[in-house]
Amino acid sequence: MFTGIVSAVGSVSAIEQHTEDRRLQLHVGELSLDDIPVGASLAVEGVCLSLVSRNGQTVAMDVSAETLRCTTLGGLQPGSRVNLEAALRLNDRLGGHLVSGHVDGAGEVVAIQAEGESMRLDVRAPDALARYICAKGSICINGVSLTVNHVDAALFSVNLVPHTWSVTTLAQLEVGHHVNLEIDMIARYLERLLGDRSL
C-alpha cells in the first residue's frame, strides 16, 4: 500500500528486454533504501513493483508483459525520470489517500495551463474508468495523489500546487502524453458490493 506522496524522483539507468517482460534498472535518487530490502515493494510512476536486486542507490525491478500492456512503463527509456514511493508503514501518516499501486488504466493529457500559482491538468480517462471519478474525490496520476476538481464525462481536471509541480515528474508532461491512473479503491469496492446483491 502507498499514499500517493512521492518520496523521490529517480531515473532509469538501463532496460533489459526479455522475451515479453523487461527488467528495469533504476537509480533511486535521494530515496533512502535503508529499510527497503530485496523483495520489498516500490511504486514507480504509480505502479507497484518488487525489488529483485539492489546495489548502492541502484535497484532492479521486473516488469511483466501484463504490466507493460496496462501502464505507461513500456514507454520508459534510459534517462527517463520516474516518481518513486516506498511502501506505507502501518504507523505512517496517510498524507494522500490509500493507493494500491495497481494501475486501472492510462489517461491522456488534453490540456495544461497555469491557474494562479498552480497548474491545472486536464486528463481524459478511459470510458470504463470515468464512472469512478468524481469531483472532490481522489485519484492517483503517475503515483501522485491528487484531488479531482471538475468532471465532465470522461474528462477531469486536477490542480497541482507549486510544490507538487516541482518535486514530481508531472512537470514533464505535455499535451498528448499518457499517464497512469488509479481510481479511489473505495469506489471500486462499492461497485462490487452494490453491483450484484446476489453475491
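Quick caveat: nothing in here was measured; it's all calculated off a predicted structure.
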Query raised in the report: What's the spacing between L181 CG and N142 CG if we round to 0.5 Å?
Result: 8.0 Å
Query - Selection residues 126-146 - residue pairs positive for salt bridge (charged side-chain N to carboxylate O under 4.0 Å, His left out), sequence neighbours left out - result: R131-E191
Name each donor-acceptor pair under 3.5 Å that joins a side chain in residues 156-163 to protein atoms two or more places apart or in another chain, with its distance.
unit_1 : atom_1 : unit_2 : atom_2 : d
N159   : OD1    : N149   : ND2    : 2.7
N159   : ND2    : E115   : OE1    : 3.2

**Report entry** Qualifying salt bridge (charged side-chain N to carboxylate O under 4.0 Å, His left out) pairs, either residue in residues 173-183, two or more places apart
**Finding:** none
**Report entry** Same cluster (ILVMFWY, side-chain, under 4.5 Å), V82 and V6
**Finding:** no
Report task. Indicate, with yes or no, if I141 and M185 share a hydrophobic cluster defined by side-chain heavy-atom contacts under 4.5 Å among Ile, Leu, Val, Met, Phe, Trp and Tyr. Result -> no
Query raised in the report: Are I5 and L33 in one and the same hydrophobic cluster, where Ile, Leu, Val, Met, Phe, Trp and Tyr link if side-chain heavy atoms are under 4.5 Å apart?
Result: no
Query raised in the report: Considering all heavy atoms of both residues, which atom of A130 and which atom of A153 are nearest to each other, and what is their separation?
Result: CB-O, 3.9 Å
Query raised in the report: Does L42 reach the side chain of L51, with side-chain heavy atoms less than 4.5 Å apart?
Result: yes
Report task. Starting at CD1 of I186, measure out to CG of L98 and round the result to the nearest 0.5 Å. Result -> 7.0 Å
Report task. State, with a plain yes or no, whether a side-chain heavy atom of V99 is found less than 4.5 Å away from one of T3. Result -> no
Query raised in the report: What do you reckon, is CD of Q17 surrounded by more than 12 foreign heavy atoms closer than 6.0 Å?
Result: yes
**Report entry** salt bridge (charged side-chain N to carboxylate O under 4.0 Å, His left out): pairs with one or both residues in residues 74-91, sequence neighbours excluded
**Finding:** D35-R89, R89-D92
Query raised in the report: For the residue pair A106 and P126, what are the closest heavy atoms and their distance?
Result: O-CG, 3.2 Å
Report task. Check whether any side-chain heavy atom of V123 lies under 4.5 Å from a side-chain heavy atom of L155, and answer yes or no. Result -> no
Query raised in the report: N83 side chain to T168 main-chain N or O, any donor-acceptor pair under 3.5 Å?
Result: no
Requested in this report: For the pair Q25 and E16, evaluate side-chain contact (heavy atoms from CB on, under 4.5 Å) and give the outcome as yes or no after the intermediate values.
Outcome: CA-CA 8 Å; Q25 301 272 355; E16 299 173 24; 3.5 Å; yes
Query raised in the report: Of the options V59, L26, V9, I36, which is the one that meets L31 in a side-chain contact (heavy atoms from CB on, under 4.5 Å)?
Result: I36
Query raised in the report: How far does CG of D184 sit from CD1 of I139, to the nearest 0.5 angstrom?
Result: 9.0 Å
Query - hydrophobic_cluster_shared for L146 and V167, side chain cutoff 4.5 Å - result: no
Report task. Verify whether one side chain among E45 and T71 offers a donor that lies under 3.5 Å from an acceptor in the other. Result -> no
Report task. Taking atom types as modelled, find out whether T72 and N180 have a side-chain donor-acceptor pair closer than 3.5 angstrom. Result -> yes
Query raised in the report: Considering all heavy atoms of both residues, which atom of F2 and which atom of G101 are nearest to each other, and what is their separation?
Result: CD1-N, 4.1 Å
Requested in this report: State plainly whether one hydrophobic cluster holds both I183 and M1, where clusters connect Ile, Leu, Val, Met, Phe, Trp and Tyr through side-chain heavy atoms under 4.5 angstrom apart.
Outcome: no
**Report entry** Nearest-0.5 Å distance that lies between atom OG in S138 and atom CD1 in I133
**Finding:** 11.5 Å
Query raised in the report: Rounded to the nearest 0.5 Å, how far does CG of L73 lie from CE of M61?
Result: 9.5 Å
**Report entry** salt bridge (charged side-chain N to carboxylate O under 4.0 Å, His left out) pairs, two or more places apart, involving residues 48-70
**Finding:** R23-D62, E66-R69
Report summary line: Closest non-hydrogen atoms of A8 and V28, given as atom of the first, atom of the second and distance, are CB-O, 3.9 Å
Report task. Any pair with a residue in residues 5-15 that passes side-chain hydrogen bond (donor to acceptor under 3.5 Å, both in side chains), sequence neighbours left out, goes on the list, sorted by first then second residue, please. Result -> none
Query raised in the report: So do the side chains of Q77 and V12 get within less than 4.5 Å of each other, counting heavy atoms only?
Result: no
Requested in this report: Taking all heavy atoms of L76 and all of L24, pick out the closest pair and write down the distance.
Outcome: CD1-CD1, 4.0 Å
Query raised in the report: Will you find, in the side chains of S145 and H97, an N or O donor that is under 3.5 Å from an N or O acceptor?
Result: yes
Report task. Could you tell me the separation between the CD atom of E108 and the CG atom of D122, rounded to the nearest 0.5 Å? Result -> 12.0 Å
Report task. Report, as yes or no, whether the 6.0 Å neighbourhood of atom CD on E20 holds more than 12 heavy atoms from other residues, nucleotides or ligands. Result -> no
